[in-house]
Amino acid sequence: MRLWIKDPLAILAEGAERGLVIEGTRIVELVARGRTPSAPVGASFNASRHVVLPGLVNTHHHFYQTLTRAHPAGFKKDLIPWLVALYPIWARLKPDQLRVAVRLALTELMLSGCTTAADHHNLFPPGLENAIDVEVEEARKLGLRMTVTRGAMSFSQKDGGLPPDEVVQDEDTILRDCERVLKLFHDPGPGAFMRVGLAPCSPFVVSRRLMGDMADLAERHNCQLHTHLCQIQDEQRYCRESCGMGPVDLLEETGWMSKRTWLAHGIHFNPEEISRLGRASVGVCHCAASDMALAAGICPTKDLEAAGAPVGIGVDGSASNDSSNIMEAVRHALMIGRLRYGASALTHLDVLRWGTEGSARCLGRDDIGRIAVGLEADFAMFTLDEARFSGAHDPLAALVLCGAHRADRVMVAGQWRVIDGAPAGVDLAALMAEHQAMARAFA
Ligand SMILES: [Zn+2]
């Protein structure tokens with residue numbers, strides 16, 4: 001059936017002033033000013049109260065951390081002591097707790113306008129070997145698109161690393177499971193609901209051999225690669241001391257300098273490294289809230305984008321944000337970006353592009369992230385009927401500048417997943433009660 005999303009208050013697309021038509025899972029027509037759909041429609045949705053965006057894409061998260069938000073163990077700490085304090089708490093994670101954390105995080109993201117989410121799961125203590133399976137099952141139930149990344153850590157405290165010994169795995173086990181979850185869940189085709197990425201926590205918690213093996217595996221299975229890189233300045237020094245080369249050299253040596261790769265944070269690069277990343281189309285996920293919370297620095301977003309690197313947006317894990325609101329992340333990216341580049345250098349349109357098309361490119365996708373004919377029917381639709389928007393002039397700018405934080409309608413592949421501000425098929429109060437009760441185990 002053809003559905004006309006009709007007469008939006010505003011829309012982030014050219015030539016769609018009267019809305020758009022979807023059929024099945026895709027956008028089949030944009031309706032310009034003064035026009036009507038070229039063929040009869042079976043139904044229409046009156047969007048005259050709605051500002052319509054492409055579905056927002058979150059490119060970095062650690063879903064399990066929703067169980068340790070605003071945790072006192074993390075207070076007054078920079079990244080490394082913060083990790084040292086929280087790792088033993090996270091090491092207690094059990095499958096049923098992960099399941100509820102994933103459900104809560106995806107629901108929270110969806111309510112803020114997210115239609116595709118990436119998660120970076122690195123903890124595999126005994127009993128949690130099938131963490132990726134749990135994430136896939138929950139995303140499928142909620143109907144969001146996901147890139148679930150199979151994380152990896154093999155160096156632990158016994159090797160002088162940060163993670164407790166019980167959360168890491170040996171590298172043969174890691175590679176076998178990467179191959180298992182790729183075969184089971186990865187769909188590289190257009191319109192995919194589930195993709196798998198391969199994602200060592202950082203290049204410093206696994207061997208260079210494993211980095212290279214993962215790059216080979218990604219090539220064979222046509223999937224993305226992801227890792228944290230250059231979140232703090234010390235990483236540059238540590239990399240040069242321990243590996244005898246810079247972090248971008250390390251990516252080069254292990255086969256990671258390609259458009260398959262997107263990096264979380266990506267703050268402390270020198271100009272030469274930025275141009276190399278750009279030439280190779282390596283994506284960078286800008287995690288503004290987390291970078292402010294841990295005083296990590298300000299991502300060189302504009303320089304990366306000018307060099308050719310896709311720039312996406314991520315909320316990051318809920319222990320360092322501690323909110324999973326993708327619209328809030330877009331606003332943070334604008335504000336911190338202006339702090340770095342000046343007030344005239346960035347507009348709401350730049351950060352909306354990062355949160356949609358840029359994020360999609362980071363995940364290796366060109367079938368989502370824009371409103372155009374042939375792309376998937378994924379939308380985030382916001383009303384401006386809260387006090388915070390009263391008196392606003394430009395509706396698209398108002399979403400970012402006045403701080404939109406809750407979508408009224410969200411559609412994924414032609415299906416409504418948020419209706420009147422509520423998640424379809426989810427008892428939110430019951431989910432929060434269950435999640436809150438589980439969080440007590442992490443006190
Ligand atoms: Zn992270």
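On a predicted model such as this, the values are computed, not experimentally measured, just so you know. Just so you know, ligand 1 is whichever comes first in the structure, and atom 1 is the first atom listed for that ligand.
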*Asks:* Can you find a heavy atom in the side chain of Arg409 that is under 4.5 Å from one in the side chain of Phe379?
*Replies:*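 No, every pair of side-chain atoms sits at 4.5 Å or beyond.
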
*Asks:* Measuring from the Zn ion (ligand 1), name the closest N, O or S atom belonging to Asp316.
*Replies:*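 So the atom name we want here is OD1.
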
*Asks:* Regarding Lys141 and Glu138, does a basic nitrogen lie under 4.0 Å from an acidic carboxylate oxygen?
*Replies:*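 Glu138 and Lys141: salt-bridged.
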
*Asks:* At their closest point, which heavy atom of Ala91 faces which heavy atom of Pro164, and how far apart are they?
*Replies:*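 Heavy-atom minimum between the residues: CB-CG, 4.4 Å.
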
*Asks:* For the Zn ion (ligand 1), does an N/O/S atom of His265 lie at less than 2.8 Å?
*Replies:*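 His265 does not place any N, O or S atom closer than 2.8 Å to the Zn ion (ligand 1).
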
*Asks:* Tell me, please, if His61 has any N/O/S atom, main chain or side chain, under 2.8 Å from the Zn ion (ligand 1)?
*Replies:*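 Within the cut-off used here (under 2.8 Å), His61 places no N, O or S atom near the Zn ion (ligand 1).
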
*Asks:* Taking the six-membered ring of Phe124, is NZ or CZ of Arg150 closer than 6.0 Å to its centre and within 45° of its axis?
*Replies:*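 Flagged: Arg150 positioned over aromatic ring of Phe124.
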
*Asks:* Is the Zn ion (ligand 1) less than 2.8 Å from an N/O/S atom of His62, whether that atom is in the backbone or a side chain?
*Replies:*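 Yes.
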
